[in-house]
There are 2 protein chains.
Amino acid sequence: MDADEKVDRQALILEAVLRLLSLQGISGVSMRAVAREAGVSLGLVNYHYEDKTSLIRAALHRIEEQDIALVEPDLALEPEERLRAALTRVADPEFLTTEYLSLRLQLWALAQAHEDFERINTEAQKRYRAGLAALIGAARPELPPDECGKRAADIDVIQNGLWLTALLGLDRASISRSVARCEEIALAG
Amino acid sequence: MDADEKVDRQALILEAVLRLLSLQGISGVSMRAVAREAGVSLGLVNYHYEDKTSLIRAALHRIEEQDIALVEPDLALEPEERLRAALTRVADPEFLTTEYLSLRLQLWALAQAHEDFERINTEAQKRYRAGLAALIGAARPELPPDECGKRAADIDVIQNGLWLTALLGLDRASISRSVARCEEIALAG
DNA sequence: GCATATATTGAACGATCGTTCAGGCCCTCG
DNA sequence: CGAGGGCCTGAACGATCGTTCAATATATGC
């Protein structure tokens, strides 16, 4: 009768967590609220995720994937265009949604309180910077690796600020200026 | 017998909130935990602060004061040095402590979930940018006001990133490069 | 069709939450 | 001295929390 596409309830639960975390913060994420939001029973949440901590961990890993994907080389492009594409992507309206940014902020805040969350976060940041440095190295092969690392770090600072500023009060003009500044840093010399 | 300096217990309670919020996030801030941390009874917390919301509000206003003070003109200096001092102050180890940064992050995260917290936050950011723009205007009188505003916005982006990056993994070198970049932006032309 | 495994439910547990409140302490003023 | 008011305490309330678990439904393999 109804669509026989089987729903992956574990995925439904994770999406509910992301939604609640983004909209209401960690205080809004109770096992019962998650169950209600996902449209499943309370018991099922604990069935698919051992406890609340592993639920949050799953959310962290989900965001991590998205972030790393930002610096995934787009092999269809030339190295320099590849780098430009990655730098522009962070300001893409598709990524710069309040939901995504707020979620990031909540996860950062959580990482401050729990050591293992912080580890996941730090690891992700390292991978992101490494990906960015690799893109810069490919676009400017004459640069020594540590210079690429420096530039990647500088760009990371601005991008973090860009994300945060976008969240606290979207200001499209200053965001696009910041993106331009990132390109200057990356491609200078 | 012992020191008869009367302790201001209301202040003790607020400091306990700031400490707990910074170290454990909002989940660690219960009325009982605050009372324990401040060394007072549970009832007293509700006596001095109507409810938990007004406790958080007090914490927000406290941080707001500190932020605005950063761009308070230091009248002992010449305009340009005054601006430089303000820009350097944000990277001062005295301000760049994990406790302070984490506290900021937690409050930002809270602002995402509660509308009135967000209002306080937005207001504070506006005041901060205005203060920064005024400093720039004083150091470069030939600049039109809207150009000062633009530069203040750009610097705000980088500073937000600087704070966030410092929190996620302190990297002194990239922080001082970012401070230098802020000076360039402010004093260009 | 029957057994076996997996997925799902909701009641129940003890712990902790925010808030209320009756009462005790201490200082001040008449 | 005694009344009154601000400060402070801890017990108590009902609500909600995370977690457990026995029971049921659904799918899978023989």
Side-chain angles (χ1 to χ4, degrees), chain A residues 1-60 106-107 109-111 113-117, chain B residues 1-60 106-107 109-111 113-117:
Chain A
M1 204 63 67
D2 52 358
D4 29 41
E5 2 147 342
K6 281 270 224 52
V7 286
D8 180 351
R9 310 221 196 201
Q10 178 156 11
L12 281 185
I13 291 171
L14 181 53
E15 279 160 30
V17 171
L18 298 176
R19 211 157 40 236
L20 284 174
L21 199 50
S22 167
L23 287 173
Q24 313 190 37
I26 186 62
S27 307
V29 182
S30 69
M31 302 300 267
R32 283 170 180 80
V34 168
R36 199 180 321 122
E37 178 78 14
V40 302
S41 70
L42 170 60
L44 195 63
V45 181
N46 267 300
Y47 175 78
H48 284 300
Y49 297 91
E50 193 188 346
D51 54 18
K52 196 178 173 179
T53 301
S54 69
L55 241 190
I56 306 291
R57 228 188 329 255
L60 261 170
Q106 300 297 335
L107 291 173
L110 282 173
H114 296 77
E115 216 171 308
D116 47 340
F117 294 165
Chain B
M1 206 65 64
D2 52 358
D4 26 44
E5 3 147 340
K6 280 271 225 47
V7 287
D8 181 351
R9 310 222 196 200
Q10 178 155 12
L12 281 185
I13 291 171
L14 181 52
E15 280 160 29
V17 171
L18 299 177
R19 211 155 40 236
L20 283 175
L21 199 50
S22 166
L23 287 173
Q24 312 190 37
I26 186 62
S27 307
V29 181
S30 69
M31 302 301 268
R32 283 169 180 80
V34 169
R36 198 180 322 122
E37 178 77 15
V40 302
S41 71
L42 171 60
L44 193 63
V45 180
N46 267 300
Y47 175 78
H48 283 301
Y49 297 91
E50 194 187 345
D51 52 19
K52 195 178 173 177
T53 301
S54 69
L55 240 190
I56 306 293
R57 230 190 326 258
L60 261 171
Q106 300 297 336
L107 291 173
L110 281 173
H114 295 79
E115 216 171 308
D116 47 339
F117 294 165

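Scope of the values below: all heavy atoms of this structure, side chains included, with no hydrogens, waters or symmetry mates.
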Subject >> Short side-chain N/O contact from A:R9 to OP1 or OP2 of C:dT8, under 4.0 Å >> reply: yes

Original post:
Is the shortest heavy-atom distance from the side chain of A:Q10 to the side chain of A:Y49 under 4.5 Å?
Top reply: yes

**OP:** Sort and list the pairs that fulfil salt bridge (Lys or Arg N to Asp or Glu O under 4.0 Å) and have at least one residue in residues 49-58 of chain B, not counting sequence neighbours.
**Re:** B:R57-B:D116

Subject >> Value rounded to 0.5 Å, distance of CG in B:L110 from CD in A:Q106 >> reply: 7.5 Å

**OP:** Please identify each residue that fulfils salt bridge (Lys or Arg N to Asp or Glu O under 4.0 Å) with A:R9, with sequence neighbours left out.
**Re:** none

Original post:
Tell me, what's DNA chain D's dot-bracket, Watson-Crick or G-U with both distances under 3.5 Å, | for other-strand, [ ] crossing?
Top reply: ||||||||||||||||||||||||||||||

Original post:
How far does OG of A:S54 sit from CG of A:N46, to the nearest 0.5 angstrom?
Top reply: 8.5 Å

Subject >> Start and end of the DNA chain D segment that chain B contacts, any atom under 4.0 Å from a heavy atom >> reply: D:dG6 to D:dA12

Throw together a table of side-chain donor-acceptor distances under 3.5 angstrom for residues 29-44 of chain B, partners on residues two or more places apart or in other chains.
residue	atom	partner	partner atom	Å
B:S30	OG	B:A33	N	3.0
B:E37	OE2	B:R19	NE	2.6
B:E37	OE2	B:R19	NH2	3.3
B:S41	OG	B:L44	N	3.4

Original post:
Contacts to DNA chain C from residues 28-50 of chain B, heavy-atom cutoff under 4.0 Å, which residues?
Top reply: B:V29, B:S30, B:M31, B:R32, B:L42, B:N46

Original post:
Which residues satisfy the salt bridge (Lys or Arg N to Asp or Glu O under 4.0 Å) test with A:D8, sequence neighbours excluded?
Top reply: none

**OP:** Sequence neighbours left out, what passes ring-ring contact (aromatic ring centres under 6.0 Å, His included) with B:F117? Give chain and number order.
**Re:** B:H114

Original post:
Under the ring-ring contact (aromatic ring centres under 6.0 Å, His included) test, which residues partner A:H48, sequence neighbours left out?
Top reply: none

**OP:** Rounded to the nearest 0.5 Å, what's the gap from CD1 on A:I13 to CG on A:L18? Could you check?
**Re:** 12.0 Å

